[in-house]
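In what follows, every chain begins at residue 1, and chains take the letters A, B, ... in the order their sequences are listed. Excluded from the calculations below are hydrogen atoms, water molecules and symmetry mates; all remaining heavy atoms, backbone and side chain alike, are included.
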Amino acid sequence: MKLRTLVWREMFERKSQMLTCFMAILLGITAVVSIKNVTHYSEKAVARELDSLGANVLVLPKSVTLQDYYSADMHDEVIPEEYVMRLTMSDIEGVDNLSPKLNVPVEVGGRKFAFTGILPKSEFQAKAAWAGAGIFSRPMGCGAIDVGGEPEPEDKKTIVRKRVIKDLGSHEVLIGSEVADLQGIAEGDSLTLLGEPFSVIAVLPETGTVDDSRIFGHLHTVQRLAGKGEVVNCIEIVGCCKEIAAGLVGGVNKLLPDAKVVTVKQVVATQQNVNGTMERVSLIFLIIIVVVGGAGIANYMFSNVYERRREIGTLMALGAESGVVLRIFLLKALLLGLAGGVGGYVIGTTIAVTLGPQLAGVPVLPMPVLALWGVGISVGITLVASYIPARRAAGLDPVATFQEV
Amino acid sequence: MLSMEEVSKSYPHRGQAVKALGGATIHIPAGDFVSIVGPSGSGKSTLLLMLGGMLSPTAGRVLLKSESIYDLQSAGRARLRRENIGFVFQTFNLVPYLTAQENVQVPMFLAGMEGEAQAERSAALLERVGLGDRLDHKPAELSVGQQQRVALARMLANDPAVILADEPTGNLDPETASQVIGFFEEFNQEGRTIVMVTHDPRAAARARRTLRLVEGRIVDESHGNNALHIA
């Protein structure tokens, strides 16, 4: 005879009660785990989608305003291109992408457009990799979900979504939709800009922003043709929202004291709002489960103590100290909590992985950390909810054993 | 072995004190077999509970082996019960979801005995009360007489010096009751001290002496030549 034998046998003596209590815990943890799991991947998916809203941190010359930036950034103020390498080589966390830009006016078919020099990611990434350090040596992918599938082929039009493209030739250009419409330019055409010929490798989809009236070329080509040296008008950064809140902007400011670092608050706020909403939904469910589940377990334990008061009194008459009685009930709570937590994790994960893609439209993968989470909550609720009934049992008057109950 | 010194017990009931036992002084030497008789409500069970360390007196002292039981904390009284006292109840109070053998093992588990030793001793005790072939039976699968014998085996689990029995034959037919009292006589011959509350005159007559309680007071003693003071 051991304590666990006593507890185990009693649990199966009152199967229906035990099953009711167990189901309450199991369903609660199942709900929490599945919601947490789907929410986690939904947040990731939303964050990825919000990347398309553009950069959320801008590095500008000190005297330039956001208004200048949004009006095609056509001004003479510049910052050194070397700032890009400083950022790339730094240990700042939370930079998902960055894109330096230099704008010069060009005339095409009698109309003025912005010729925007951009630096392909492959160039500064290669330098950072060669140096063995920097922000891209430990990719964050704060909005990405790696589901282990085939990587998507690089699309030149990713400049619209990700603010950066991987490769761009010195005499290749990407054309904004408005420029293409007005000038009748199509992919594969040739174009002369500032006296040099360029081939159009893509026409960008309409964005409704100033990007529609831009022509994107290689930064170094634009710098050479404009005769401005190794400078840029701005560096656009796509940062992860949590890291922005945690001091990414401060880190960039410290790194580039002679530049102005601003956050595009609307983008950041939208991401943070979405994440906050998801977290609140999870929290509300958790609170409901803790309250309802806890109350159910406490109720079950109270009635269990009441039904077993004669048995408890007998144990005391046989020499059980109150600590033994307390342990009997707490061990029962622990076993129920463990079983409910493990079962809830397994069922919750299965539901999330199976139904998540259909309900939330995102791929959902199992999250082992939720097993600890589920078991922790389950055991915590059962132990806390059972403590007072267990104390009551431990404090029962053994005289009850001599009375007919 | 067991004694009560000027012990009284009152219960509050609707604002009034109801006296269950009034100033009893009893001395029960080691190896005695005392039956306590009296009408219902006379305080018999109250007296037994107080001797067992489960109900504190309003006044007076209860001593077991010269140790004042109610000067101990509740954990101390539990230890004292575990090591010295075996209880037998009218309704047996077996744990319904445990087998006969497991029921007998419960006091041994509480005393910290190892599993194998528990199994061996419980089987031997059940064999002694004639239930060697019922080890794996649950209480509901046994007759009432067999259940009481399981309770007797459980009572012997930790080899108690004192046996306190509350109406041990109250639920039994005369033949089984006689058999149970026979066991008590056997335990008494082994040197155990027995205090038995009973309504059954035949069972009471087989004790060495009988105390009669009326309205919380010891009013009579028969076959008595041991120290008894009627308060």
Under 6.0 Å from the [atom1] atom of [X], do we count more than 12 heavy atoms belonging to anything else shown?
X: Gln73(B); atom1: CD; answer: no
X: Ile388(A); atom1: CD1; answer: no
X: Glu215(B); atom1: CD; answer: no
X: Trp8(A); atom1: CH2; answer: no

**Study point:** Arg81(B) (side chain) donor-acceptor with Met316(A) (main chain) under 3.5 angstrom
**Key:** yes

Practice item. For Arg82(B) and Glu321(A), run side-chain contact (heavy atoms from CB on, under 4.5 Å): C-alpha distance rounded to whole Å, both residues' side-chain angles, the deciding distance at 0.1 Å, then the answer. Key: CA-CA 10 Å; Arg82(B) 204 162 54 228; Glu321(A) 292 174 24; 3.3 Å; yes

**Study point:** Atom of Ala320(A), atom of Ala78(B) and distance for their closest heavy-atom approach
**Key:**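 Result for this residue pair: O-CB, 3.9 Å.
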
**Study point:** Least distance between heavy atoms, Ala317(A) atom then Phe89(B) atom
**Key:**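 Taking Ala317(A) first and Phe89(B) second, the nearest heavy atoms are CB-CZ, 3.9 Å.
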
Point to revise | Within residues 5-28 of chain A or reaching into it, pairs that qualify as salt bridge (Lys or Arg N to Asp or Glu O under 4.0 Å) - sequence neighbours excluded | key: Arg9(A)-Glu102(B), Glu10(A)-Arg14(A), Glu10(A)-Arg308(A), Glu10(A)-Lys332(A), Arg14(A)-Glu307(A)

Residue by residue, scan [range] and write down, ordered by number, those that have a heavy-atom distance under 4.5 Å to chain A; if none do, write 'none'.
range: residues 143-155 of chain B; value: Arg154(B)
range: residues 59-70 of chain B; value: none
range: residues 109-129 of chain B; value: Phe109(B), Leu110(B), Gln118(B)

Exercise for review: Apply side-chain contact (heavy atoms from CB on, under 4.5 Å) to Met11(A) and Tyr97(B), showing your working.
Suggested key: CA-CA 9 Å; Met11(A) 280 168 70; Tyr97(B) 50 85; over 6 Å; no

Check your understanding: Distance from Leu315(A) atom CG to Asn93(B) atom CG, nearest 0.5 Å?
Key -> 10.0 Å

Point to revise | Pairs of heavy atoms under 4.5 Å with chain A: top-ranked of Leu98(B), Val106(B), Leu94(B), Asn158(B) | key: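 Among the listed options, the one with the most contacts to chain A is Leu98(B).
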
